[in-house]
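I have placed the structure first, in the form of structure tokens, so that the comments after it can refer back to it.
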Amino acid sequence: MSDKYQPHAIEVKWQREWEATELYRSKVDWSKPKHYALTMLPYPSGDLHIGHWFAMTPSDARARWMRMKGYNVLFPMGFDAFGLPAEQAAISNNIHPWKWTYANIERMREQLRSMGAMFDWEREAISCTPEYYKWSEWFFKKFYEHGLAYRGSALVNWSETLQTVLANEQVIDGKDERMGQPVVHKMMEQWFFAITRYADELLNFKPLDWPESIKIMQTNWIGRSEGARATFRTEVGGHPIEIYTTRPDTLWGATFMVLAPEHDLVEKITTEERRPAVRAYVERTALESEIERMVEDREKTGVFTGAFAINPVNDERIPIWIADYVMITYGTGAIMAVPAHDQRDFEFARAQGLPVRVVIQPVDAAEALDGDTMSAAYDGPGLMVNSDAMDGSESTWDKGRKNPAINRVIDWLEATGKGEEAVNYRLRDWLISRQRYWGSPIPMIFDGDAVIPVDDEQLPVELPEDVDFMPTGRSPLTYHEPFYKVDEKRRRETDTLDTFMCSSWYQLRYLSPECESAPFDAEEAAYWLPVDVYTGGAEHAVMHLLYTRFFTKALRDIGLFDDAIEAMRRNGRDPAGAFDEPMTVLRNQGQVLGGERQGDFVLCGGRQVGGRLLAERVEVVEWNQVPPGFAGVFGELAHRTENVLHVDMAGITQFVDVQPDAEIIIPDIAGENNVNQLRHHLDIQRMSKSKGNVVNPDELVAEYGADAMRCYLMFNFDWQKGGPWNENNIKGPQGWLGDVWEIAAAGAPSAPGDPSAERDIERKLHQTIAVINRGLEEFSFNTAIAEQMKFKNALKAALRAGGIGAEVWHSVMNQAIRLLAPFAPHIAEELWAMLGWEYSVHRQPWPEYDAEKAREEQVDLVVMINGKPRETISVAVDIAQERARELALASGAAQRFLDGKAPRRTIFIPGRNGTDPKVNIVV
RNA sequence: GCCUCCGUAGCUCAGGGGUAGAGCGCUCCCUUGGUAAGGGCGAGGUCAUGAGUUCAAAUCUCAUCGGAGGCUCCA
């Protein structure tokens, strides 16, 4: 028996043993309750980073805990393997995406194994294999057959850098989320999924236990608003211009209309006289990138089309303008402009000298609003004015029908046929075609104008391997004739599917990755679905997490879960609601950030010119070691750009220009030093290679062992928040595991038991179980581990104090190791074996919490005077209220403060869940 | 600008009307045949600030300040 904890000696050994004995194979067993724990699958970038460990190992601990609690747990793993990086590697390193991806997967599988997680590798799914994407293609076909996939022309986000279109969700601040390069709008014919049809159902989060922030983000993203649609007509030609507004109560205040520059009607209605100006404006807008259009406080620009429209509510003639503040992608791409009550319209009206007419007058304002003098739009409550029959209607802050004025106007619009109630969404349909090679082919064939799906028997349409990667960024499929040419007439679709489509259903493929007759086995789906707990990063809030919800609902409506529903019934389980949502519970982990780094402390000598020092000499010294009489600049190096140092000198930033021939002295770095070697201060921020603050999990495992790593990650952060990396803190969990090892290795004490000491450790054990249970339940891994550490201390103290008999010690150790198993699976397994218990600790039941055993017998009764604690009296835990009051009043503190007088009142607070009982005496 | 979350010990975080807590770190002491270590004792906090509610506020309410994330010409 080894008396020292040596992680490396045991970890690989147990990982092999677990695999050899199929410890983590999960099979359908209708006699047991199921638990499908899922953690987001990685992209095979080639290296597992600390973020993967942080996301996956706590999830693993929780899955293990559920298993010990008696659930049949499925905890699978796979790879989201299509995507741009593979293609970029192909272009720049001349390596085929297949090779690159598979090599990375091989490597990452090994890295994942070193976590000691309970992944069931028999269920691994990889999205870029033909066995997998056959079904991605098949789903596409099903969607197409059911009208959920369609080809449409739309203004799309086009990335010149990536040579592909992107979904709205993939464009951030006008740049692509991957490379951060500008995205422009372009009219293109593309494939879409009709996600907007599910907008309302996607807004229903009632069945979901998801973080509030994600629900809010999705709600905002879907952006439902209520209002009305109305049709204006052009004065000449009578072209209808449909508008959407959330403020139909201000229809009478429309003094002009604005169309988005891309609007279809612009060409038709523009007068000959205005055409040159309008064309110039439209062209200018098209060239502008999204970023330029989004600059804040941008001055409103636009041009008059020369055309007029008739306002249907009052037959008024108003000018039609075009302006880039109206977006073609929102609503109908055309607005009625009500400058008096909409700030944007107001700014535009003032900039262009257009009239402003008040139609909502606030009731109790000191002065009535006047369109000619007001300095900002008024969007508050009031009474409708200048609105014919609607005058006097009360408009409130409420939106939609809840607002009496809006309600009345909508009724009137509908009665007169001038408009109708309408709901609008910010959400657009999901653009799913990508002009890339490394993705699932879209199983469609063009035959002239006709579009024909590929026969099921011919699926999958396989990606050809013998393609040439050109540095143009164009997809190789577009010039690979054997692929696209079906025959003289017919041509295959060369666009591929957005990888988010592949990851929208991977939780289903895990159920039966080998299944050849269907995307998933109905029996497996009936047993395992839905996912009970899903863990992963919050960065997927509005992409993956919205798409996969849509996907599940679409599959349900197409009827693809019908067999599973039938199987569920057959096995006596109620299928109600089981296939409405993919994941019942969602929790997001935070991010592990780079650690903070102190800048060098520097002494800079040279001559002072203006506000800066031209340094001839810079020396790195010990913190605050400034020679007496030193005349230059000294302090922490806060920042450096090229040769300019920002030195923090007692809180004031001093600028130091290091001269080209200056002498740089850095004692830690041998040889001649240069300015680039100076270490400047680094704030806590994301880990990235360029910042040089990335940590490598493989090296850490080699140094500390997987168990210590797992425990450090769980202990040192609030999991749902994340935080800065601090390697120094690994010592805590490492020392704890070492202590546990020693305690276990020490063997049972031979002394006879003292019932009181044994009762104490037993009580402590059960109190610990309660806290760990709660910690795991709530993803509060840090508190669970802190409690284990405390228990270790108690165990150690008890052993030193003596009085624990062999029988109790064995029972306590047996349970303590089981408590440790989910967190540190290797050491737990080793100690379990070392103490002679049967393989495996991971097949043991979780220790049962016994409230009776956790109960304290004696507690301190706190005597408070006017709410301030003054004295404690040791009493029985179940002390009666009357007795407590008596004891409190008799206490020295009470006597002193009361000084013979009667108390004004006394308040008894019983001790509940661990708190002491109290009596507050008000004097 | 709007929405959400968060400010508790040096650090990372629990608690959440009723005595201010944990781990790490730190001080001091012991060990010097576990030693690039081990053991023991201890110090550390106006719970961001201000007001209100209450017998009692770190906890509830409001305001202010500070931090993180998301949305943003959304008609």
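Heavy-atom basis, side chains included; hydrogens, waters and symmetry copies ignored. Keep in mind that what you see is a predicted model, and the values were worked out from it rather than measured. Reminder, nothing fancy here: chain letters follow the sequence lines and each chain counts from 1.
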Assign A:D342 to base, sugar-phosphate, or nothing according to its heavy-atom contacts below 4.0 angstrom with the strands shown. nothing

Contacts of A:H544 meeting side chain to side chain donor-acceptor pair (under 3.5 Å) (sequence neighbours excluded), chain-then-number -> A:Y534

Output all residues satisfying salt bridge (Lys or Arg N to Asp or Glu O under 4.0 Å) with A:K796, sequence neighbours left out; order by chain, then residue number. A:D739

Side chain to side chain donor-acceptor pair (under 3.5 Å) against A:N716, all qualifying residues, sequence neighbours excluded: A:N729

Between A:R344 and B:C74, is there a contact of a side-chain N or O with OP1 or OP2 at under 4.0 Å? yes

Residues in salt bridge (Lys or Arg N to Asp or Glu O under 4.0 Å) with A:E777, at least two apart? A:R62

Let me know the distance between NZ of A:K764 and C1' of B:A22, rounded to the nearest Å. 10 Å

Taking only the side-chain heavy atoms of A:V326 (C-beta and beyond), determine which of B:G23, B:C13, B:A75 contains the nearest atom. B:A75

Pairs: protein N or O with nucleotides 24-29 of chain B N or O, under 3.5 Å:
| from | atom 1 | to | atom 2 | distance (Å) |
| --- | --- | --- | --- | --- |
| B:C24 | O2' | A:N729 | OD1 | 3.3 |

For the pair made of CE in A:M327 and P in B:C73, what is the distance, rounded to whole Å? 6 Å

Rounded to the nearest 0.5 Å, what separates atom CZ in A:F346 from atom CG in A:L354? 12.0 Å

Between A:I743 (CD1) and B:G34 (P), how many Å, whole number? 19 Å

What's the gap between B:G45 and B:G40 when it is taken at their P atoms, as a whole Å value? 25 Å

Using the test salt bridge (Lys or Arg N to Asp or Glu O under 4.0 Å), find all partners of A:D398 that sit at least two apart in sequence or belong to another chain. none

Filter on side-chain hydrogen bond (donor to acceptor under 3.5 Å, both in side chains), then keep only pairs touching residues 248-259 of chain A, sequence neighbours left out; what's left? A:R247-A:D249, A:D249-A:S395, A:W252-A:D388

In whole Å, I'd like the distance from the CZ atom of A:F205 to the C1' atom of B:U4. 14 Å

Heavy-atom nearest nucleotide on RNA chain B taken for A:S213 and for A:A334; more 5' hit belongs to A:S213

Spacing of the P atoms in B:C41 and B:C55 (rounded, Å): 43 Å

Rounded to the nearest Å, what distance is computed from the CG atom of residue A:N220 to the P atom of nucleotide B:C74? 13 Å

Can you measure A:Q720 atom CD to B:C5 atom C1' for me and round it to whole angstrom units? 12 Å

Over all strands shown, is A:D718 touching base, sugar-phosphate only, or nothing at heavy-atom distances under 4.0 angstrom? sugar-phosphate

Suppose you measure atom P in B:C6 against the same atom in B:A48; what distance do you get, rounded to whole Å? 13 Å

For B:C5 versus B:G44, give the span between their C1' atoms, rounded off to a whole number of Å. 29 Å

Of the listed nucleotides B:C71, B:C55, B:G16, the one nearest the side chain of A:V922: B:C55

Answer with base, sugar-phosphate or nothing: what part of the nucleic acid does A:I216 contact at a heavy-atom distance below 4.0 Å? sugar-phosphate

Please tell me whether A:Y712 and A:F717 form a close aromatic pair, meaning their ring centres lie under 6.0 Å apart. yes

Tell me whether the OP1 or OP2 atom of B:A75 has a side-chain N or O from A:Y330 closer than 4.0 Å. yes

Short N-O contact, A:K399 and A:E226, less than 4.0 angstrom: no

Note, RNA chain B 5' to 3' with Watson-Crick or G-U pairs under 3.5 Å encoded as ( ), [ ], | and . gives (((((((..((((....[..)))).(.(((.......))).).....(((((..]....))))))))))))....

For A:Q589, which residues count as a side-chain contact (heavy atoms from CB on, under 4.5 Å) partner, sequence neighbours excluded? A:F54, A:A55, A:W719

Please state how far atom CZ in A:F346 lies from atom C1' in B:A75, giving the value in whole angstrom units. 17 Å

Establish, for the pair A:K300 and A:Y325, whether the NZ or CZ atom is under 6.0 angstrom from the six-membered ring centre and no further than 45 degrees off its axis. yes

Look for any protein N or O under 3.5 Å of an N or O in nucleotides 37-39 of chain B and output each such pair with its distance, or none.
| from | atom 1 | to | atom 2 | distance (Å) |
| --- | --- | --- | --- | --- |
| B:G39 | OP1 | A:K796 | NZ | 2.7 |

What's the closest nucleotide to the side chain of A:M864 if the choices are B:U72, B:A14, B:U19? B:U19

Results of side chain to side chain donor-acceptor pair (under 3.5 Å) for A:S891 - residues two or more places apart only: none

Could you measure between the two C1' atoms, the one in B:U31 and the one in B:U46, and give it in whole Å? 41 Å

For A:D718, the side chain to side chain donor-acceptor pair (under 3.5 Å) test, sequence neighbours excluded, returns none

A:N920 or A:L861: which one's nearest nucleotide on RNA chain B is closer to the 5' end? A:L861

Between A:Q788 (CD) and B:A14 (C1'), how many Å, whole number? 16 Å

How should the glycosidic conformation of B:G15 be described, syn or anti, under the criterion that syn lies within 90° of 0? anti

A:R905 side chain N/O closer than 4.0 Å to the phosphate oxygens (OP1, OP2) of B:C55? yes

